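See structure below.
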Amino acid sequence: MQDEKTKSWKKLVNVAVSGAAGMISNHLLFKLASGEVFGQDQPIALKLLGSERSIQALEGVAMELEDSLYPLLREVSIGIDPYVIFEDADWALLIGAKPRGPGVERAALLDINGQIFAEQGKALNAVASRNVKVIVVGNPCNTNALICLKNAPNLSAKNFHALTRLDENRAKCQLALKAGVFYDKVSNMTIWGNHSTTQVPDFLNAKIDGRPVKEVIDDTKWLEEDFTITVQKRGGVLIQKWGRSSAASTAVSIVDAMRSLVTPTPEGDWFSTGVYTTGNPYGIAEDIVFSMPCRSKGDGDYELVKDVIMDDFLWNRIKKSEAELIAEKRCVAHLTGEGNAFCDLPGDTMLPGEM
């Protein structure tokens, strides 16, 4: 017999998390279990994917979750087989990826991590809910998301996202600090392109307290140089200071990204997420995963924002990030079913967080 409190609860939601014994997950899982994403009437099952090496740590994570007595957390399961952990998943948060070690070429990392995401795409295709929402966090996340969706042909490509929300949050922070306002006054912030140092934080369309940023911050040189470079390189600077890559802020940004899909976007605002470009209204190359401005009705789906303005500064930078993603795509052609790989990556623009 259900008690009074749980009678009004919604149907259980299954959330699968890879890399569940890692630092990011250590912050994220407790936020998910507490109801921070889906609300206080949404029971949740957490399905945690690790590796043979991390299985003991995963057991410890599960014990901590159980001992926290979250009323909404109805089930915690752990394992190392994605075909088991992803079964009936409504959400798949793909965090686990191999970090970039000393002397590892970017092309090699694309191949190593790409194989992980090809396998996970196949598993999602086989056993996940047909409407599963997939957020790829493991880097290089745009191309990993592309590999994942290409290996899941029975799932909608529209349901795959690459996490660029942390970049959006970092950009909002810098604008707020410069303008001397609280963070929540910054809206309409887009990150265009790749989650790399070619990413384009868009100050042209962003607003502060409802006004265009360029009206509030009358310093074009700062916007084009200091602001843009600070956002692009923030992850690397954080590693230099902290000795490790961002974990807590990444977890917060995953929560933000999920909430943007399950709660309606405020009127006139939008959010950034890396999505499949086929059919986009901007003229960006088709068949890659590119961060673009989106809105949601709160049903898990999204639409691309059409009312954005472009200038040469913005467009030229978007084209640079596009070229990088097209080169990455050629580099993993053997993992997307598109023939032999050919690597001609234009310089090393990977975020230092992957090193």
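The basis for the numbers below is simple: all heavy atoms, side chains too, and nothing from hydrogens, waters or symmetry mates. Please read all numbers here as calculations on a predicted model, not as lab measurements.
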Is there a side-chain contact between Arg234 and Gln174, using heavy atoms and a 4.5 Å cut-off?
yes

Check: Ser291 side chain, Thr164 main-chain N or O, donor-acceptor pair, under 3.5 Å
no

From Ser246 atom OG to Ile24 atom CD1, the distance as rounded to the nearest 0.5 Å
6.5 Å

Could you check whether any side-chain N or O of Gln232 sits under 3.5 Å from a backbone N or O of Thr197, counting only pairs where one atom can act as donor and the other as acceptor?
yes

Indicate yes or no for a side-chain donor-acceptor contact from Asn280 to the backbone of Ile284 under 3.5 Å, with no hydrogens or angles considered.
yes

Tell me if the centroids of the rings in Phe117 and Phe160 come within less than 6.0 Å of each other.
no

Checking the side chain of Thr143 only, and the main-chain atoms of Pro140 only, is there a donor and an acceptor separated by less than 3.5 Å?
no

Would you mind reporting whether Pro201 and Asp167 have side-chain heavy atoms less than 4.5 Å apart?
no

Look only at the side chain of Asn113 and the backbone of Lys98, and say whether a donor-acceptor pair between them is shorter than 3.5 Å.
yes

Spell out, as yes or no, whether a donor-acceptor pair under 3.5 Å connects the side chain of Asp269 to the backbone of Asn188.
yes

Can a donor-acceptor pair be found, under 3.5 Å and without considering hydrogens, that links the side chain of Ser272 to the backbone of Met189?
yes

Does any part of the side chain of Cys148, heavy atoms only, come nearer than 4.5 Å to the side chain of Leu94, both counted from C-beta?
yes

Would you sort out whether Lys122 and Glu119 count as a salt bridge (Lys or Arg N to Asp or Glu O under 4.0 Å), showing the intermediate values?
CA-CA 5 Å; Lys122 287 172 185 162; Glu119 178 66 18; 5.1 Å; no

Is there a side-chain contact between Phe313 and Leu204, using heavy atoms and a 4.5 Å cut-off?
no

Donor-acceptor contact present, side-chain Asn144 to main-chain Asn139, <3.5 Å:
yes

Taking everything shown except Arg53 itself, do over 12 heavy atoms lie less than 6.0 Å from its CZ?
no

Are Lys150 and Asp287 close enough for a salt bridge, meaning some N to O gap below 4.0 Å?
yes

Checking Gln40 side chain against Ser34 main chain: does a donor-acceptor pair fall under 3.5 Å?
yes

Does Lys133 come within less than 4.0 Å of Asp90, counting only side-chain N to carboxylate O?
no

For the residue pair His161 and Thr273, confirm or rule out a side-chain donor-acceptor distance under 3.5 Å.
yes

Please report the interatomic distance CZ(Phe227) to CG(Leu175), rounded to the nearest 0.5 Å.
4.0 Å

Output yes when a side-chain donor or acceptor of Ser25 lies under 3.5 Å from a complementary backbone atom of Ala21, and no otherwise.
no

